[in-house]
**Q** 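Take this structure first; my questions come after.
Note that these values count all heavy atoms, side chains included, but never hydrogens, waters or copies made by symmetry. One-based numbering along the sequence shown. In each ligand, atom 1 is the first atom listed, and ligand 1 is the first ligand listed.
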Amino acid sequence: LSTPALVIDAGALERNLATMATARPGARLRPHVKAHKCTALAREQYRHGHHGFTCATVREVEGMVAAGLGDDLLLANEVVDTTRLARLGALLDRARITVAVDSEATIDAAARAGLDEVLVDVNVGLPRCGCAPEAAGELAELARARGLTVRGVMGYEGHVVGLADRDTRAEQLRVCLERLHAAHRLVGGELVSAGGTGTYDLHDDRTEVQAGSYALMDTAYAGLGLPFEYAARVVATVISVSSGFAVGDAGLKAFGMDHGNPTVEGGRLWFCSDEHTTFTPEHPVVAGQRITMLPAHIDPTMTLHERAHLVDADGHVLEVWPIDLRGW
Ligand SMILES: Cc1ncc(COP(=O)(O)O)c(C=O)c1O
């Protein structure tokens, strides 16, 4: 392997997918592909029984359709660019596509793009997208008046999924769900879509959970004590050794850094620069030696790599998976 190289431990991935599929079988999970941006990995999730997927970008939806994984795709994000959205309208003969709306503008864009189905996005406490719960019914009526089918509601509790204490997570989730269920009573429809890796087992059966990070994990989520293992690592090569420290050839351009520095396995990281990580190894290292590093945030890490190498327990490469859902 040329480094930096993104590797996926096939055994750990399989165990993570199986653990989730047991906890939330079939349609109780709508895996979010933004967490890996890889149709080969999505195909593994499909094989584990999840046939509906969550997407964050038009590009992700298009890529999933092209890969034959378009049974039931939810674009869980607002799009007002009608030109871009019309690319999805043109795919409806090959796929089922639902888009989130939270305003008159997004409903108008969906209708003009030739889409059939929407879902009302509700603000459950994260200051991002979503309408006020009390406005959801009116928006649903507006969408229906434009000829759109309203499948239900979604509300992503992104401010809750990473809370370290499980009881606090559960308590805060209850507040979010009160808002979401109030909106659902006004909107109707079969779908209540919400949640992430940190709340996957706190939702009841009424919710389809949109978790994504559980498949590959990262050090931020590992702090929550969830039953998912690290399955993604970046392999780097030691390129320089000095007294008291060494340098690997994977830097901040190989890792999403918004959740903090990556972790060097078998070393203490000092700092990352563009193409370097300076660290103190636990045991002496030499130039040319390989080290492995764990990302703090998996989603933005995946998007920095063109491919992932699926490896067995001995580190042999089994397959090379393109990270083919990158871009917008
Ligand atoms: C809309 C939406 N749903 C679900 C998720 C869940 O992701 P994760 O599994 O990383 O918690 C995210 C992540 O940011 C999201 O933006």
**Q** Checking H203 against E157 for the side-chain contact (heavy atoms from CB on, under 4.5 Å) test, could you report, in this order, the C-alpha distance in whole Å, the side-chain angles of both residues, the deciding distance, and whether it holds?
**A** CA-CA 11 Å; H203 283 275; E157 70 277 17; 2.8 Å; yes
**Q** Assess whether a salt bridge exists between R166 and D201, defined as any Lys/Arg side-chain N lying under 4.0 Å from an Asp/Glu carboxylate O.
**A** yes
**Q** Check whether more than 12 heavy atoms from other residues, nucleotides or ligands sit under 6.0 Å from atom CD of E265, and answer yes or no.
**A** yes
**Q** Does R30 come within less than 4.0 Å of ligand 1, judged by its heavy atoms?
**A** no
**Q** Taking everything shown except E14 itself, do over 12 heavy atoms lie less than 6.0 Å from its CD?
**A** yes
**Q** Does H32 approach ligand 1 within less than 4.0 angstrom via side chain, backbone, both or neither, non-hydrogen atoms only?
**A** side chain
**Q** Main chain of V235, side chain of T3: is a donor-acceptor contact present, judged purely on distance under 3.5 Å?
**A** no
**Q** Give the residue, atom name and distance (to 0.1 Å) of the protein heavy atom nearest atom 10 (O) of ligand 1.
**A** S213 OG, 2.4 Å
**Q** Give the contacting part of Y214 toward ligand 1: side chain, backbone, both or neither, where contact means a heavy-atom distance below 4.0 Å.
**A** neither
**Q** One pair to check against side-chain contact (heavy atoms from CB on, under 4.5 Å): L75 and L88. What are the steps and the verdict?
**A** CA-CA 10 Å; L75 178 49; L88 302 188; 3.9 Å; yes
**Q** Measure from the side-chain N and O atoms of H309 to the backbone N and O of L6, and report whether any donor-acceptor pair falls under 3.5 Å.
**A** yes
**Q** Just going by heavy-atom distances, which of M20, K34, H297, Q210 is nearest to atom 13 (C) of ligand 1?
**A** K34
**Q** Counting only heavy atoms, tell me which of Y200, F228, Y156 gets closest to atom 5 (C) of ligand 1.
**A** Y156
**Q** Under 4.0 Å from any heavy atom of R128, which atoms of ligand 1 are there?
**A** 1 (C), 15 (C), 16 (O)
**Q** Quick one: which ligand 1 atoms are inside 4.0 Å of a heavy atom on G195?
**A** 4 (C), 6 (C)
**Q** Under 4.0 Å, counting heavy atoms only: does G162 come that close to any atom of ligand 1?
**A** no
**Q** Any N/O of V161 closer than 3.5 Å to an N/O of ligand 1?
**A** no
**Q** Which of these passes side-chain contact (heavy atoms from CB on, under 4.5 Å) with D121: C131, S193, C129?
**A** C129
**Q** What do we get for M217 next to ligand 1 when only non-hydrogen atoms under 4.0 Å count, side chain, backbone, both or neither?
**A** neither
**Q** Has the side chain of D204 got a donor or acceptor atom that lies under 3.5 Å from a matching backbone atom of R206?
**A** yes
**Q** So is Y221 touching ligand 1 or not, going by heavy atoms under 4.0 Å?
**A** yes
**Q** Atom 7 (O) of ligand 1: which of G212, A35, C129, G158 has the nearest heavy atom?
**A** G212
